[in-house]
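Structure first, commentary second.
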Amino acid sequence: MKKIDTNLLSIPLPDLARSDFSKDFLWGCSTSSYQIEGATDVDGRVESIWDRFSAQPGHISDGSTGKIACDHYHRWPEDLDLGRALGLNAYRFSIAWPRIFSASGGRANQKGLDFYSRLVDGMLERGLEPWATLYHWDLPQSLQDQGGWNQRETVAQFVEFAHVMSHHLGDRVKNWITHNEPWCTAMHGNLDGVHAPGIKNLKIALQVCHHVLLSHGLAIPAIKANVPDAKVGIALSLHPLQAASEQQADVDAMVRHDGLRNRWFLDPLHGRGYPQDVWQLCGSDVPVVGVGDLDVIATPTDFLGVNYYFPEVIANAPAAMPLQTQVIVMPNRERTAFGWEVAPESLATLLQRIAHDYQHAPIYLTENGSTYEDKVEGDGSINDLERRNYFIRHLAVLRDVIAQGVLVKGYFAWSLMDNFEWAEGYRRRFGMVYVDFKTQKRTVKSSGHWYASFLQEQK
Ligand code: IFM
């Protein structure tokens with residue numbers, strides 16, 4: 001077990017109070033279906049791409065799958081109780097598409113609909129405003145077998161899914177996120193292949209990306225037709241970037257990297273089309289874009305979800321095609337157990353950039369969090385001071401950015417509880433609540449106790 005770095009813990013913590021934020025600020029935690037639900041073969045749920053991918057040797061570092069995960073499908077009342085005990089007023093969850101549809105064109109699965117209906121009722125009973133994400137990476141395998149997001153037909157299937165879910169839950173769910181982190185869907189799933197479905201092909205990755213964005217744009221009116229007072233947005237994983245040196249080659253590399261990491265999403269969503277610098281570099285790998293697609297993608301949203309974890313340092317790398325860029329791991333920087341740089345001040349850079357360059361709709365921090373080597377003490381407690389400090393430091397920056405005029409209306413910590421961290425399996429814990437995956441016992445960590453006391457201060 002890694003020892004806690006006492007230098008890191010001695011970083012002075014800013015003063016922070018809930019009253020520093022507006023009274024109507026949303027305080028939540030985020031989760032996602034495949035990472036917590038388990039129960040992958042009950043009540044008509046069909047196979048997802050993550051069931052298939054994680055069952056294949058070599059894909060998940062600890063050889064695990066999401067088959068049981070946190071067994072949230074059965075234990076959700078206890079989990080929502082924990083959310084209430086932390087003092088949250090909002091809860092972000094995602095809907096497993098494979099619980100709802102078994103095949104294209106088929107009827108929606110009533111048992112799947114009922115599960116999410118019960119879950120949403122459970123949130124409302126506990127004072128948690130439901131924030132539903134439609135796609136957090138668990139595509140039905142049957143759709144992948146027909147080409148998945150690389151096929152334009154999947155867009156229509158997604159819009160049908162959005163229609164069915166908003167029709168079914170829209171009387172109670174008013175906040176809808178179409179997609180979580182389309183960069184990961186496209187690039188981890190289809191370029192580096194570390195996520196399901198494990199493809200490594202730039203052309204497919206870019207086409208997937210286009211179809212995901214298109215499906216987002218088409219889902220907005222589908223949701224609003226069912227829920228006229230819905231607020232609809234998308235959650236992007238965005239990274240502030242730094243050049244590895246002041247040399248022009250590195251600065252130019254950073255701009256190119258930004259083109260695919262950030263602007264490839266922000267630009268078309270804001271009516272600017274795909275960034276031409278990256279488009280040119282991708283040559284014949286660029287996606288097929290239908291007439292009118294870019295207008296659809298630019299359909300106005302009610303908010304932008306920003307998932308912020310870490311900044312990146314970029315250098316010129318002529319051999320790395322197509323962008324000729326490389327992410328550099330700078331020495332002597334504070335990092336989480338994942339190796340992700342801890343840089344609260346970069347959150348300010350990111351939010352100011354979005355506000356300045358793009359966004360007039362409100363922003364919600366839809367994910368922010370960290371993984372450390374949690375140790376269960378003899379008395380059963382988990383003293384995760386590094387994670388607690390991570391939250392305090394990021395929230396202090398958020399407060400200051402809001403004071404400078406950036407419109408941010410809510411914060412969702414990732415995550416309520418430890419869960420299946422994709423290719424890392426259960427080795428990486430992000431929760432405010434510790435999960436013993438052998439017994440399914442939940443224990444609130446110090447970070448969770450801190451969040452609860454912080455939120456209690458003023459309701
Ligand atoms: O666990 C993931 C989540 O599913 C998407 N955003 C990043 C988190 C931490 O890696």
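The first residue in the sequence is number 1, and the count goes up from there. All ligand and atom numbering here is 1-based and tracks the order in the structure.
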### Query
What atoms of ligand 1 come closer than 4.0 angstrom to any heavy atom of His136?
3 (C), 4 (O), 5 (C)

## Note on the structure
Any heavy atom of Arg428 under 4.0 Å from ligand 1? The part involved is neither

### Query
Any chance the side chains of Tyr91 and Thr31 put a donor and an acceptor closer than 3.5 Å?
yes

### Task
Identify whether NZ of Lys or CZ of Arg in Arg261 sits under 6.0 Å from the centre of the six-membered ring of Trp183 and within 45° of that ring's axis.
yes

### Summary
Checking heavy atoms under 4.0 Å, the part of Trp340 that sits near ligand 1 is side chain

### Query
ring pair (Phe, Tyr, Trp, His ring centres under 6.0 Å) between Phe412 and Trp27: does it pass, once the steps are laid out?
CA-CA 6 Å; Phe412 292 81; Trp27 294 102; 9.8 Å; no

### Message
Is it true that Ser237 and Asn307 share a donor-acceptor pair across their side chains at a distance under 3.5 Å?
### Response
no

### Query
In the protein, which heavy atom is nearest to atom 1 (O) of ligand 1, and how far is it?
Glu421 OE1, 2.6 Å

### Message
Counting non-hydrogen protein atoms only, what is the nearest one to atom 6 (N) of ligand 1? Give residue, atom name and distance.
### Response
Glu367 OE1, 2.5 Å

### Query
Between Asn180 and ligand 1, which part of the residue brings a heavy atom under 4.0 Å of the ligand: side chain, backbone, both or neither?
side chain

### Query
Is there a nitrogen or oxygen of Asn307 sitting under 3.5 Å from a nitrogen or oxygen of ligand 1?
no

### Message
We want to know whether Asp293 and His210 form a side-chain donor-acceptor pair, criterion being a heavy-atom distance below 3.5 angstrom.
### Response
yes

### Interfacing atoms of ligand 1 (cut-off 4.0 Å, heavy-atom, Phe430)
9 (C), 10 (O)

### Query
Under 3.5 Å, N or O to N or O, is Trp137 touching ligand 1 that way?
no

### Task
List every atom of ligand 1 that sits less than 4.0 Å from any heavy atom of Trp422, numbering the atoms from 1 in the order shown and giving each element.
1 (O), 2 (C), 3 (C), 4 (O)

### Query
Any salt bridge between Glu129 and Arg172, counting N to O under 4.0 Å?
no

### Message
Could you check whether Lys375 pairs with Glu377 (Lys NZ or Arg NE/NH1/NH2 to Asp/Glu carboxylate O, under 4.0 Å)?
### Response
yes

### Summary
shortest atom 8 (C) of ligand 1-to-protein heavy-atom contact is with Tyr309 OH, 3.4 Å

### Any Glu424 heavy atom less than 4.0 Å to ligand 1
no

### Task
Look at ligand 1 and say whether Asn419 reaches it with a heavy atom at a distance under 4.0 Å.
no

### Query
Are side-chain N/O atoms of Thr40 and Tyr34 paired as donor and acceptor at under 3.5 Å?
no

### Query
Does Arg429 make a cation-pi contact with Tyr434 (under 6.0 Å, within 45 degrees of the axis)?
yes

